[in-house]
There are 10 protein chains.
Amino acid sequence: MLVRLLYASRVSDGNMCDIVQSIMQQSRQHNPPHGITGVLCHTDAVFMQVLEGGRKAVNTLYSHILRDPRHTDVILLDYEEIGERRYAGWTMGQANMNKINPSILLKYSPLPELNPHEMPGKTLLSLIDELMATASIVGRT
Amino acid sequence: MLVRLLYASRVSDGNMCDIVQSIMQQSRQHNPPHGITGVLCHTDAVFMQVLEGGRKAVNTLYSHILRDPRHTDVILLDYEEIGERRYAGWTMGQANMNKINPSILLKYSPLPELNPHEMPGKTLLSLIDELMATASIVGRT
Amino acid sequence: MLVRLLYASRVSDGNMCDIVQSIMQQSRQHNPPHGITGVLCHTDAVFMQVLEGGRKAVNTLYSHILRDPRHTDVILLDYEEIGERRYAGWTMGQANMNKINPSILLKYSPLPELNPHEMPGKTLLSLIDELMATASIVGRT
Amino acid sequence: MLVRLLYASRVSDGNMCDIVQSIMQQSRQHNPPHGITGVLCHTDAVFMQVLEGGRKAVNTLYSHILRDPRHTDVILLDYEEIGERRYAGWTMGQANMNKINPSILLKYSPLPELNPHEMPGKTLLSLIDELMATASIVGRT
Amino acid sequence: MLVRLLYASRVSDGNMCDIVQSIMQQSRQHNPPHGITGVLCHTDAVFMQVLEGGRKAVNTLYSHILRDPRHTDVILLDYEEIGERRYAGWTMGQANMNKINPSILLKYSPLPELNPHEMPGKTLLSLIDELMATASIVGRT
Amino acid sequence: MLVRLLYASRVSDGNMCDIVQSIMQQSRQHNPPHGITGVLCHTDAVFMQVLEGGRKAVNTLYSHILRDPRHTDVILLDYEEIGERRYAGWTMGQANMNKINPSILLKYSPLPELNPHEMPGKTLLSLIDELMATASIVGRT
Amino acid sequence: MLVRLLYASRVSDGNMCDIVQSIMQQSRQHNPPHGITGVLCHTDAVFMQVLEGGRKAVNTLYSHILRDPRHTDVILLDYEEIGERRYAGWTMGQANMNKINPSILLKYSPLPELNPHEMPGKTLLSLIDELMATASIVGRT
Amino acid sequence: MLVRLLYASRVSDGNMCDIVQSIMQQSRQHNPPHGITGVLCHTDAVFMQVLEGGRKAVNTLYSHILRDPRHTDVILLDYEEIGERRYAGWTMGQANMNKINPSILLKYSPLPELNPHEMPGKTLLSLIDELMATASIVGRT
Amino acid sequence: MLVRLLYASRVSDGNMCDIVQSIMQQSRQHNPPHGITGVLCHTDAVFMQVLEGGRKAVNTLYSHILRDPRHTDVILLDYEEIGERRYAGWTMGQANMNKINPSILLKYSPLPELNPHEMPGKTLLSLIDELMATASIVGRT
Amino acid sequence: MLVRLLYASRVSDGNMCDIVQSIMQQSRQHNPPHGITGVLCHTDAVFMQVLEGGRKAVNTLYSHILRDPRHTDVILLDYEEIGERRYAGWTMGQANMNKINPSILLKYSPLPELNPHEMPGKTLLSLIDELMATASIVGRT
């Protein structure tokens, strides 16, 4: 059974740049053997990540994230059983939301800043679709 | 929560050209920090403006407009909570309805003149879509 | 409130060519100030006309037609309130049904001749759409 | 081909009570042989009538009404080809809108008075349905 | 043109009980001649009111409310053009949200308290429907 | 923002009867102030619980459950933002799946036993609906 | 493969009462072994019959009817492959259209008389449904 | 009223090539004055023909075919009232099913041969659409 | 994963009454531990059985039936993954088609006899629904 | 009657390469005369095959496969009556799943390996569609 899970969190402490790099490195090692694909978006303070894969694998990873000291204020935003993946080609794509065109963010949120803890899950998935459509995600295998 | 609000008003007094210029200038200053986008249409006597943004920001701006002495006969035409903006790229677009092709107006109204106080809100939103589709709006950032 | 009205009639007497010319001339004078647009189709014996405009203006014109001695057997075929016009660019388009490709007529009627008094209104509106799609209407402003 | 036609008019002159009586008497004579059924609503000043029957019969009757000196400001409100009648059991039902519960009128119009010249045709058909549902129409055969 | 408008506000100052009574008394005088119907819900601190009527009448009343010193934090929650009213029988119904079954509030909001400034407009209209269905509104004429 | 979350887990150790009793007692204390409602189903070895409430409150509770040593093999089965609750009247309903009619379980699963770790989330929500419809849940406030 | 076929015809000559009796007698003998069910409606001059059964059996019967000298002006009105019969309980029901309530006919046709050669097939099937709903058909086995 | 009729038959006797030629010649003479259009498909033993036109004209032609000694095993496959023709440009198109790509037939039937007496009418209409889409029909005027 | 499978077969040899009794006895023993439910219909010569259960269990049973010498001409008629069972309360219901009201069979088939090898699967499932609705199935646990 | 059947199995013993070759050879001989088309996918251990054709022919072939000693763990995954084939041009297409782009498999399954015994039938049909769209199937006639 395939599922797609979207969550957001805040960086608890430390330099975002280093943290993103360490998460991406872990993803590249951990995800392929577990069949997990997805995209990681971040600002200087906030993460938003969409994960796709088998139901058990995604649940295991999400419970690790909940315990990971680098994340705080973890909140589940969307979760559904899916017939097919949308990000099958991304071991883990990446988008720095500080560097994208602000009108992309503005299209989905009241102000041109990423504030996923206050937004509906489906709106955030539309935002990630827009990021893909505008080639704002890097790291495709 | 994002909303879209459409209203119309009549110019209470003074030269429309000057008033539009002052409104546009205020918009360029006021809108970006408050995350408001939209389009302002006008003839020599009538305004019609669509505003998009956070629910609170749009309500605050609309209550200012109701009190603004430059506007009279202010009437709310449409209001809805939206998942995404339609005018995210416009700090405040502008269309002088006296200068557009009259068949655009005729498509939506009984006579080739803008008379929003007598027209349904959804029809006026279709007219603004047509203005965008025919590149009749100026001022895109 | 915009409406679209379709009616048919038979020429009561006289030369069709002259009558059509006089109707078209009246349309070019009368329609623009009243905001009426539309298309007039005719054979040597039959008229079919679609009128769009404000509800009051279209009703006034239709009651004149009912009293106009050039028309007999006037029959209302379709009438509806509309959100937008389909013929906004035509002060009054014109199609001589004797000169169009007969397979266009055959597509909608039992024989390749225009017999609107025996046909459903929606079918006749589809026929007029087909005339537009095949550039069989002349007189666009 | 069956059609349903809804129109409104204003009484041009004279006592409404007498006029309604004469219209109802004509209906009882004229309608059965021509297969026309329907409902007549009126206030002291305004008529609204829905007519059902063969397309030719309804058109003939409507063109008589347009020429009838008792009616002025005649306006077509709705017209459609129908698969079955809604008023097959009424030679001509009748409703005095001054005597019905005002909240029935208020449900469909801005003020508790019948003003069909300013209302959409479909809304007025819903009002007539409500009159039937609340047994406000008299004269069923 | 009929519209339905829903807004919320906070009581700016004074005893809620007295304010509600004065608002209800004004409604009973003002609403019938202007064809306005609706429902007023309140707690000790918050108002939520739905207004139905002609577009102009509802807009005039709403602009008075925006200027009424008894209301603060006025926010528009829903607005739409409607074919028929839902509250035609209420000059102004009334519901004291502190006295209703808390599970009615809980069905639509995170906590059993009325917090309309944080809730979507459609959800609040569903809550008012539930209040009607459970006979929690008083004051039907 | 209201959400509904469904998860399953296995009892890690100890007597199910005692554990259920302690969970129910905590629910009765913890849930009302946090606005959480729901239903807890269990066998001798497996839990399945549906939680409704504000997005933050439900997420906080779910992250506690993931860390609660009484639960093992915790798996998220369904999660969605909702307009209204389905279990607003239950502080925490309870169903002992060993005591219900086995054909209720059989209707949704290959064998008459609860095995949520192998079943789709939507099917399990249908099973809980069936439990409510057949009055198999106890503990309504 | 099951089909439903509706046709109409005119009686070519002779007494309708005798002809209907002979057709009904043949139906009672011929239809059961061939699995044909249906309804026969008639006036003094016109037949309308709906036949249901296997595709081959219905076609064989219809080609006999086309050659039967008792029928003239035979016209096919409707034909479709069906998943289930609507008249499975009628070897051949019968309705004398001269004896039914005229408002039943009026509901579907311009005048209160059966004129199937001028009516759409689907409208006639609705008329037969109405005859069943009003118990106007006799002869159920 | 326009109808579309599809039937199949078997050649009773004689050389198919000659028979098809004689049918096509009759069609070219008979169809235009009666407003009939359509397509004739055949193998060495089987005909399948779709006819479009006025209801009366198509019925007259079909009753001739039922009596035509060149046809045996005539079976009606589909019949419906239509708003517009699909074959308005074909006096009578023609397709020799022995010469088309066998995978076209295989797409709609168990074996690559035309066996209309065993197939549903809608499937055969889809096959004719496929013949048009693949330009397998000859004889367009 | 739950599935529903419908097949038909002919009795290869022997007394149908004895065979049905032996199949029913095996079902009562074999089905409960494997979670299989369903209905068996039969005449003197033909079986039709619907089976519901886990995908693996139903497939294992069906492959046994294909090898069972009591069945010949086994043919699969319908198979689908289902969210819930329709026959959860029947270990194995039973219907002797020779004893039911013949108009039930006639509703779905050309002749009043069960001939599943010639009928579509969905039609046969509708027939079984009709058997349940008319209480023609015996053996509910 | 056309059907589409999808099943999976495991190779019971021997070299997959040889077995696939022998199956493909049998298909090329057996399928054309029986009107069967389809696609065979395989890894080193698992088969998945979709078969289209007449209902009887496909059933006969599937019962042979169930008895074929080269296949074990045969499981039916999908079966439906179809109006038209999807693989009419393939006597038997072939895809070696070990050689395709792993992201194609990943799109539909938890891990980049073919495991049809654990997947829903419709998902597997989508995977075969994707194989066709990406030209991953060889052997088109």
Side-chain angles (χ1 to χ4, degrees), chain A residues 4-8 10 39 41-46 48-50 73 75-80 82 86-87 93 95-137, chain B residues 1-7 24 26-40 49-65 78-95 125 128-129 131-133 135 137-141:
Chain A
R4 181 184 300 122
L5 183 155
L6 176 72
Y7 75 92
R10 293 185 215 278
V39 173
C41 306
H42 66 92
T43 64
D44 286 350
V46 170
M48 174 172 71
Q49 190 174 24
V50 58
D73 280 351
I75 190 158
L76 187 61
L77 298 169
D78 198 74
Y79 180 82
E80 56 186 320
I82 55 178
R86 220 181 279 167
Y87 313 101
N96 183 340
M97 304 303 277
N98 291 334
K99 296 190 171 156
I100 65 166
N101 182 336
S103 77
I104 293 177
L105 264 169
L106 205 56
K107 184 168 176 185
Y108 299 99
S109 70
L111 292 172
E113 43 194 55
L114 183 64
N115 194 0
H117 290 78
E118 301 304 318
M119 290 169 68
K122 296 297 183 211
T123 300
L124 290 162
L125 286 173
S126 298
L127 168 59
I128 297 175
D129 283 354
E130 186 99 11
L131 292 174
M132 287 211 291
T134 54
S136 309
I137 299 178
Chain B
M1 214 178 302
L2 282 175
V3 301
R4 182 184 298 122
L5 183 154
L6 177 72
Y7 75 91
M24 289 303 292
Q26 286 178 320
S27 294
R28 276 189 286 268
Q29 287 178 349
H30 169 94
N31 291 352
H34 291 87
I36 284 178
T37 54
V39 173
L40 175 75
Q49 190 173 23
V50 59
L51 303 170
E52 290 176 333
R55 188 162 75 172
K56 210 177 143 84
V58 168
N59 268 276
T60 302
L61 178 52
Y62 184 59
S63 79
H64 287 166
I65 288 162
D78 199 74
Y79 180 81
E80 56 185 320
E81 294 168 15
I82 55 179
E84 54 184 84
R85 303 179 192 231
R86 220 180 277 165
Y87 313 102
W90 304 85
T91 297
M92 190 50 60
Q94 182 188 350
L125 286 173
I128 298 175
D129 283 354
L131 292 175
M132 286 210 293
I137 300 178
V138 297
R140 190 173 184 99
T141 354

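Letters A, B, ... are given to chains in the order of the sequence lines, protein chains preceding strands, and every chain is numbered from 1.
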Answer key: most heavy-atom pairs under 4.5 Å with chain A among B/Ile36, B/Val58, B/Val3, B/Leu2 is B/Leu2

Tell me, out of B/Gly35, B/Pro33, B/Pro32, who's got the most heavy-atom pairs with chain A below 4.5 Å.
B/Gly35

Can you pull every donor-acceptor pair closer than 3.5 Å across chain B and chain A?
unit_1, atom_1, unit_2, atom_2, d
B/Arg85, N, A/Lys107, O, 2.8
B/Arg85, NE, A/Leu106, O, 2.5
B/Arg85, NH2, A/Ser109, O, 3.1
B/Arg85, NH2, A/Pro110, O, 3.0

